[in-house]
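Working notes, beginning with the structure itself.
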Number of protein chains: 2
Amino acid sequence: MPDVTRAARGGARRSETSRRAILAAAFELVGEVGYARLTIEGIAARAGVGKQTIYRWWPSKGVVLLDAFLALSEDPQGDPALPDSGDLEADLKLVLRATAAELVDPRYDLPMRALAAAMLTDPSLRAEYEQRLEQPLRAVKRARVERAVAAGQLPPGTDLDLAVDLLWSPLWRRWQDGGELTAAFADALVETVLAGLRAR
Amino acid sequence: MPDVTRAARGGARRSETSRRAILAAAFELVGEVGYARLTIEGIAARAGVGKQTIYRWWPSKGVVLLDAFLALSEDPQGDPALPDSGDLEADLKLVLRATAAELVDPRYDLPMRALAAAMLTDPSLRAEYEQRLEQPLRAVKRARVERAVAAGQLPPGTDLDLAVDLLWSPLWRRWQDGGELTAAFADALVETVLAGLRAR
DNA sequence: TCAACGAGACGAACCGTCTCGTATTGAAAT
DNA sequence: ATTTCAATACGAGACGGTTCGTCTCGTTGA
């Protein structure tokens with residue numbers, strides 16, 4: 001068993017080439033055949049890698065997928081903040097419309113469904129996703145709402161987590177249910193939720 | 001292949017005993033070992049049934065699970081309407097609190113996660129769920145909101161589907177994410193969404 | 001020097017199909 | 001009404017195929 005924490009005295013290190021090939025193969029494969037037919041052997045074959053190399057570094061298919069997503073979102077180092085034009089409603093509509101468009105993008109739909117399905121039935125994977133993706137993203141969303149509170153666009157004492165949940169949850173759910181994710185829906189969602197938050 | 005549409009001239013009919021045993025076994029098993037380790041062979045063994053009897057009547061594990069849920073919700077013929085005390089906010093808080101309690105019930109948590117995961121990666125299962133469970137339930141929810149509109153508690157022209165989505169989506173999503181489903185959350189959710197709907 | 005690597009052999013589990021012999025049913029014959 | 005009979009589902013499990021996760025091999029490379 002490899003000791004990752006301590007640098008080995010001699011011997012080969014983990015191959016970055018193989019790691020990237022595995023993540024890319026997993027992402028491509030799941031997009032082609034779906035999660036049900038995604039196999040470790042298939043990933044290894046497509047990546048040109050021995051099965052053991054996958055079993056050595058990842059505990060499950062789900063974590064491989066999660067890493068594949070992290071690799072995707074880390075490569076183009078997007079700005080870690082939501083737009084802030086001063087107009088919360090306009091900014092949120094922009095972001096939610098973009099999110100909706102991304103969700104229905106055929107390149108991401110199947111892989112995201114696979115990851116979501118894996119998380120539903122694997123608490124440890126859910127915890128790792130929570131720590132490595134969900135929490136940072138939520139912090140960014142909370143920060144934008146918090147700035148709106150500071151600017152007086154929302155009442156002081158606004159529940160930031162509630163606000164984030166109300167804004168994004170219906171989008172995710174419609175995507176899962178296969179419902180229509182239109183810009184009109186995103187707009188109505190933002191308008192209604194913000195009206196509710198302002199009225200508190 | 002059995003012809004279900006036309007009555008056969010002779011021969012045995014589908015065994016209701018086996019059908020019930022299979023659905024019960026599937027529900028119990030998935031609650032014990034989770035979806036990843038749920039196998040047709042395991043269901044057949046626990047139900048005291050041949051594998052072919054399952055393959056003959058169901059196209060996939062997911063549909064077996066869906067039928068198991070339908071059998072559960074059809075047995076106690078609950079009233080097909082949400083409570084209507086005249087106070088929409090109070091009624092919704094009651095319903096959402098009950099839903100939250102049901103979601104965290106350890107008897108239902110794993111089976112529901114399994115079904116949700118199966119639907120995420122199987123569009124045909126999703127369509128069948130949509131038709132047999134989601135649409136009837138949504139109609140009941142829409143009807144309650146519609147009565148509130150008629151009673152003048154919500155403005156005319158209120159988007160019923162948007163209202164239902166805003167009210168229930170955050171609950172589902174928190175459950176999926178493993179977040180806390182408290183009565184306080186349900187209450188704040190109802191209060192904020194209704195405030196937003198009233199302000200339109 | 002020594003651990004990670006690609007490759008693949010290995011037994012176990014489960015897949016979905018099939019083939020038994022048995023049990024149950026409705027229709028036809030008595 | 002009772003018996004006979006053909007058709008079909010049933011429980012059981014054999015079957016080849018696929019994937020699992022583990023385990024060796026030599027080879028490569030830091």
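All of these numbers come straight from a predicted model, not from anything done at the bench. Throughout, a chain's letter reflects where its sequence line sits, starting with A, and its residues are numbered from 1.
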Whole-Å gap separating P (D:dA12) and CZ (B:Arg56): 14 Å

Gap between atoms CZ and C1', on B:Arg14 and C:dA23 respectively (whole Å): 18 Å

N/O donor-acceptor pair under 3.5 Å between B:Gln153 side chain and B:Gly86 backbone: yes

Residues, nucleotides or ligands: over 12 heavy atoms within 6.0 Å of A:Glu180 CD: no

Separation of C:dG6 P from A:Trp57 CH2 (nearest whole Å): 12 Å

Interface residues of residues 30-50 of chain A with DNA chain D (non-hydrogen, below 4.0 angstrom): A:Thr39, A:Ile40, A:Glu41

Nucleotide nearest B:Lys51 when distance is taken to its side chain, options D:dG21, D:dA14, D:dA9: D:dA14

Atom-to-atom span, CD1 of A:Ile54 to P of C:dC5 - whole angstrom: 11 Å

Residue B:Gln52, side-chain heavy atoms: nucleotide from D:dG11, C:dG6, C:dT17 that is nearest: C:dT17

Check: B:Met119 and B:Glu134 side chains under 4.5 Å, non-hydrogen atoms: no

Interatomic distance where OH belongs to A:Tyr55 and C1' belongs to C:dG8 [whole Å]: 14 Å

Spacing between B:Trp58 atom CH2 and C:dG16 atom P, to the nearest angstrom: 15 Å

B:Arg14 NZ/CZ over B:Trp58 ring centroid, <6.0 Å and within 45° of normal: yes

Minimal non-hydrogen separation, B:Pro136 against B:Glu130, with atom names: CD-O, 4.4 Å

Minimum-distance nucleotide (side-chain atoms of B:Thr53 versus D:dC10, C:dC5, D:dC20): D:dC10

Qualifying salt bridge (Lys or Arg N to Asp or Glu O under 4.0 Å) pairs with a residue from residues 147-156 of chain A, counting only residues at least two apart or across chains: A:Asp84-A:Arg147

Listed nucleotide nearest any side-chain atom of B:Arg13, set C:dG16, C:dC5, C:dG26: C:dG26

A:Ser18, nearest nucleotide to its side chain (from C:dG6, C:dT17, D:dC10): C:dG6

Short N-O contact, A:Glu32 and A:Arg37, less than 4.0 angstrom: no

